[in-house]
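Data block below; observations after.
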Amino acid sequence: MAAAKRYYLTTPIYYVNDAPHIGHAYTSLACDALARFKRLDGFEVKFLTGTDEHGQKVAKAAEAAGVDPQTHTDRVSQHFRDLSPVMNYSNDDFIRTTEPRHARACQELWKRMKANGHIYLGRFAGWYAVRDEAFYDESELVDGKAPTGAEVEWFEEENYFFDLSKWQQPLLDFYEANPRFLAPRTRRNEIVSFVSSGLRDLSISRTSFKWGVPVPDDPKHIMYVWIDALTNYMSAAGFPEESGDYARFWPADLHMVGKDIIRFHTVYWPAFLMAAGLTPPKRVFAHGWWTNEGQKMSKSLNNFITPQDLIGRYGLDPVRYFLLRELPFGQDGNFSHQAMIRRINTDLANDLGNLAQRVLTQINRNCEAKVPQAGALTEADDRLLAAAHGMLARVRAEYDEQQFHRALEAEWEVVGAANRYVDEQAPWALKKTDPARMATALYVLAETIRHLALLAQPVMPQSSARMLDLLAVPEVARSFAALGPSGALKAGTPLPKPEGIFPRHVEDGPAAKAGG
RNA sequence: GGCGGUGUAGCUCAGCGGUAGAGCAGGGGAAUCAUAAUCCCUUGGUCGGCGGUUCAAAUCCGUCCACCGCUACCA
């Protein structure tokens, strides 16, 4: 039996402590583009995002706000759910760790780890700095204070522990056997080095606060953050129900994460799962951070970029394009308005937008506003069509490596080839000398634009749809199954009046007037 | 301190043993279908420094300098 084409991918669950900013939007955007790509490529996709709502910080924030924790998290979680329509995410589910389905999954995972002998009762002790909300090892203290200078106090409580120390070799073997598990490569090296240096057991329960999932058979304990948070990926698949989504989608194909939480996803999580006798996810990709005009985004600088700011200024699809095109996915990079405007005007308006506009306008005027009839194809025609037809294989390979920027780069090579072809063929000149040849050239171009629009859908769903509308491509012919000659435009199909899809960005204000 | 990475044109980066590359920015030209968009040509680098291996080194080795990441229980 052939393996079903299914794909399960997840964003991290976002901690309900701050408002969503561009960092959150970026992670989910990458997942969204990939989810859309896979759907168009014939996969049954499950795309999950959600919020992480437990922990002492949340309980305290609720207390400070004078409401119970659930009311507080309902409120803050909503900000993240609102991000989906704003950014046009196509997530299939939104998990909240305060949901009953999640508690059930966590407790079942715990029970299995415990039944297999990997959880034991012990004592957790350390120097706790209230100000930093962090524990420090004896060796880290400087003059009896935290390295940060904060006062510390001795903290000791009875906790459950996970025997992580026993998983060093199994994890190293796992990485070795699954070279695709962790990307990019530099992160993989870091994690292998970390695990190689030895692992300590992990305390996985707390009794000092209550806002969490109770430990099975010992409810004075609640599960401590990561075992709770990570399990969301399984609870949303219906675990422990063996039928339904769990059977169809686990193990997950991809956990997309920021580089700050890579250890939890690539060390703790596979260890937990193996300890429970379950299969770890297939891949974790850790992406980088954006700086804002050269500066790190931080609370103290109060310079967070919000998705709403950018979209209001530049439009949704250009923002989506910029974020995925501007920097090699996985690396850190800098956001600047100058770079944003350059991408909009160069890649979108001048290259792709103008290509569509110049071709469609000529078809509209010189071909009775219908898909033109192609005659015999020349070598140049074949070359351009071959480039269009060949895009999918290349773009698919890049998506499978989460190299979104390279996928877009490959698409833009065809944009460039098409613009050169327009100049070489000069259909406006053929109009007088050889109208049939003009029609053929414009047909070849329309076909090329159809391919470009189809393949741009994951990144720019709305703009691509408009472009396909201009080519009168029916809804049913917009998956990747329609790529290639079999889905080619039919001569004679009436086309709507062309309109610009990617306008140039012109800065408002007096400064923008210069140079007219 | 330990481990790892990076340093190539003004900017962002590719190349990783065989006569220095791309995109953007800068300069010149062609064309005029198009969102003054497009196309062609072009300026620009002793590939961080020094030393070594080799017929041949951004490309391998050593060393130095600079910057960055990781070095566990805040998500």
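Here is the naming used below: chain letters follow the sequence lines, and residue numbers restart at 1 for every chain.
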Inset, instruction - Kindly indicate whether a cation-pi arrangement holds for R383(A) with Y421(A), taking the cut-offs as under 6.0 Å to the six-membered ring centre and within 45° of the axis. - result: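 That pair does not qualify as a cation-pi contact.
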
Inset, instruction - Take S193(A) and F264(A), find for each the nucleotide of RNA chain B with the closest heavy atom, and name the residue whose nucleotide sits nearer the 5' end. - result: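 Between the two, 5'-proximity favours S193(A).
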
Legend entry - RNA chain B: 5'-proximal contact among F194(A) and N189(A) (nearest heavy atom):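 Taking each residue's closest nucleotide, the earlier one in sequence belongs to N189(A).
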
Inset, instruction - Look at R81(A) together with D74(A) and state whether they make a salt bridge at an N to O cut-off of under 4.0 Å. - result: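 No salt bridge links R81(A) with D74(A).
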
Inset, instruction - For the pair E413(A) and R394(A), find out whether any cationic side-chain nitrogen is under 4.0 Å from an anionic carboxylate oxygen. - result: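 Judged by the 4.0 Å cut-off on N to carboxylate O distance, E413(A) and R394(A) do form a salt bridge.
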
Legend entry - Donor-acceptor pair (no angle test) under 3.5 Å: Q362(A) side chain, C33(B) base: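 In this structure, the two groups form a donor-acceptor pair.
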
Legend entry - Under 3.5 Å side-chain donor-acceptor pair for T361(A) and R365(A):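 Their side chains do not contain a donor-acceptor pair, so the 3.5 Å distance test is not met.
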
Inset, instruction - Tell which nucleotide pairs with G44(B), taking only Watson-Crick or G-U wobble pairs whose two distances are both under 3.5 angstrom. - result: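 Partner of G44(B): none.
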
Indicate whether OP1 or OP2 belonging to [N] is found under 4.0 Å from a side-chain N or O atom of [X].
X: N366(A); N: C33(B); value: no
X: R365(A); N: A34(B); value: yes
X: R504(A); N: A37(B); value: yes

Inset, instruction - Ignoring the backbone of N354(A), work out which of A37(B), C73(B), C33(B) is nearest its side chain. - result: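 Given the options A37(B), C73(B), C33(B), the side chain of N354(A) is closest to A37(B).
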
